[in-house]
Number of protein chains: 2
Amino acid sequence: MAGARYRDIADDLARRIGEGEFAAGERLPTEEQLMAGYDNASRNTVREAVKILKSRGLVQTTQGRGTFVLEGTVPTTVTLVSLPLPSGGGDAARRFDARLEDHAFESTDPRVEIQRSSPGVAAALALPEGSRVVLRHQERFVDGRPWSLQTTYYPMEYVTRGADRLLDDEEIPEGVFAYLKETLGLEQVAHRDRVTARPPDANETAFFSLHDTGGVVIVHDRVGYDPGRTPIRCTCTVYPADRNQLDLVIGAVPPSPWAPGRAASR
Amino acid sequence: MAGARYRDIADDLARRIGEGEFAAGERLPTEEQLMAGYDNASRNTVREAVKILKSRGLVQTTQGRGTFVLEGTVPTTVTLVSLPLPSGGGDAARRFDARLEDHAFESTDPRVEIQRSSPGVAAALALPEGSRVVLRHQERFVDGRPWSLQTTYYPMEYVTRGADRLLDDEEIPEGVFAYLKETLGLEQVAHRDRVTARPPDANETAFFSLHDTGGVVIVHDRVGYDPGRTPIRCTCTVYPADRNQLDLVIGAVPPSPWAPGRAASR
DNA sequence: AATGATTTGTTCGTATGTATT
DNA sequence: AAATACATACGAACAAATCAT
């Protein structure tokens, strides 16, 4: 027992969970029982240990019920890129939208705002910092569960050049791609994506029903370009990491090889 | 105040940090001062609040020194895929290795093991579950700092077919790609990638010097295929999310548009 | 180099609130 | 309504790391 007591207890419990002593979905001993089981450690010490397990996503606690070992949920797969190499690609629509397979999804009508561009958005869209951008924000659901938050930024100039439906508080039925091509002749033929992950902020914690501590979100930023390498738009999508994975396919590959669970734990 | 006291304090402190009252790198008020500032809340309550800020990656605490607002570190960019579309691709080497730009990196000599394949690895490599695989594990560093953990799995069959240097406890100078092509005629022409994120386990927490609570790792799994769609190998790389981002480039795009910081916070 | 003050880390005890069974 | 179990909150003591003197 090298370190702090609560950390030792956490490690021991993690080990016992890993060894199957407490199966997925099962209830852990109560705080009272853990106190007894660990040499009459105080309740606070035991609770500190359980907090670590929560922050590692191993268990979940519910007031009045107990502490439960989380079962690995089957993540939803979002395909960022799917590129059969030889020909250079199937249809463009499949190429340039992050796709969600085998799930119906709903989303709120967009909330539309006009903002002065932040440094990040300005750089992405190659606009002067502080220039106006149109922002369309949607909350998206899968099976009624909160699934992702998406914000797309367009240069305000598009609106003044005729794409005024960008300001509508409604989905554009034919899709923004088709609409921009129709009205402005813009065509997205390339994109650059950035994927990061971080703890959620307060908004995201609330929307995705994550815990105070221990949640993780994946952030996917995409900038789309026209043939002249001019940025067209910039999209930021936030996913809760516990129920999503991102997929890339480059070249000819067989159907998904991913087995449930992780490929490797260390 | 609506919720729990420690949560209210955390939200208030997060707001004050966001508004610049406490700048990046600056020290937050001591626990004693926070107690006084929040209606004589108890020390434990204040500490609970600070824990939330830690788990959100907003602050870092150091025993004996204080609590400090974290400055956004410039992340290292790993390019997973870079594909100029028109031609179908530049050179293969650039296409099929996750690249790290503008940084020299070192890695330990591989630790080599022979294991029975887990369900995940078996599925990825299209082998019967429990069949033998060779596992090469490396710890990788950038600027002397721990940067990523990588494990690559090969079917044991490769060794018996002549690629016995896979078992060497050393790097293969010409690269495993070249070696496998040379000895077995294997050529990786396609790959499927999966990106997920999760809290670190105990090993990762230690190696990357993350905190008990609040750390995030990005997991990048890649399965490489030969022209016959047969899996060749499977690689699992784990990055600490606080200092890494993954990049994808599809088509002709200008040089990196990412500005420091996030494209969008909500 | 040693000391003491400051500041966060760990552990315990206790009481009360709230959701579930 | 009662018992169970986790959540919140306070108080206190000592440990360990850091910093100024």
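Throughout, protein chains are lettered first and strands after them, A, B, ... in sequence-line order, and every chain is numbered starting at 1. From a predicted model like this one, the values you see are computed outputs, not experimental measurements.
Between the side chain of A/S117 and the main chain of A/G130, a donor-acceptor pair closer than 3.5 Å is present. In this structure, the side chain of B/R136 does not engage the main chain of B/Q150 through any donor-acceptor pair within 3.5 Å.
Residue A/T61 places at least one side-chain N or O under 4.0 Å from the OP1 or OP2 atom of D/dA7. For A/T45 and C/dC12, the shortest distance from a side-chain N or O to OP1 or OP2 is below 4.0 Å. Checking the phosphate oxygens (OP1, OP2) of C/dG9, a side-chain nitrogen or oxygen of B/R47 falls inside 4.0 Å. Contact annotation: B/R65 side-chain N/O to D/dC19 OP1/OP2 distance is under 4.0 Å. Residue A/Y6 has no polar side-chain atom (N or O) positioned under 4.0 Å from OP1 or OP2 of C/dT11. Between C/dT7 and B/T67, no contact under 4.0 Å exists linking OP1 or OP2 to a side-chain N or O.
For B/E48 and A/K51, the salt-bridge test passes: some basic side-chain N is under 4.0 Å from an acidic carboxylate O. Ion pairing between a basic and an acidic side chain is recognised when a charged N comes within 4.0 Å of a carboxylate O; A/R140 and A/E106 show no such pairing. A salt bridge links A/R5 to A/D39: at least one charged side-chain nitrogen sits closer than 4.0 Å to a carboxylate oxygen. Salt-bridge annotation for B/R56 and A/E204: absent, with no side-chain N of the basic residue lying under 4.0 Å from a carboxylate O of the acidic one. Using a cut-off of 4.0 Å between Lys/Arg side-chain N and Asp/Glu carboxylate O, A/D193 and A/R222 are scored as salt-bridged.
The interatomic distance linking B/Q63 (CD) with C/dG9 (P) rounds to 6 Å, in whole Å. Here the P atom of nucleotide C/dC12 and the CG atom of A/N40 are 9 Å apart, to the nearest Å. One atom, NZ of B/K51, and another, P of C/dT10, lie 8 Å apart when rounded to the nearest Å. In this structure, B/R5 places its CZ atom 16 Å from C1' of C/dA15, rounding to the nearest Å. Atom pair B/R43:CZ and D/dA12:C1' shows a separation of 10 Å (rounding to whole Å applied).
Two residues, A/A41 and B/K54, neighbour DNA chain C, and the one matched to the more 5' nucleotide by heavy-atom proximity is B/K54.
Near DNA chain D, meaning a heavy atom under 4.0 Å away, the residues from residues 20-38 of chain A are A/R27, A/T30, A/E31.
Judged by distance alone with a 3.5 Å cut-off, no donor-acceptor contact links the side chain of A/R7 to the base of C/dG9.
Looking at the side chain of A/N44, the nearest of the listed nucleotides C/dT10, D/dA9, C/dG17 is D/dA9.
The list of side chain to side chain donor-acceptor pair (under 3.5 Å) pairs with a residue in residues 9-28 of chain B, not counting sequence neighbours, reads B/D12-B/R15, B/D12-B/Y38, B/R15-B/E19, B/R16-B/E21, B/R16-B/Y38.
Terminal axes of the helix from C/dA2-D/dT21 to C/dT21-D/dA2 (five pairs each, C1' rotation axis) are separated by 10°, to the nearest 10°.
Aromatic ring centroids of B/F68 and B/F22 lie 6.0 Å or more apart.
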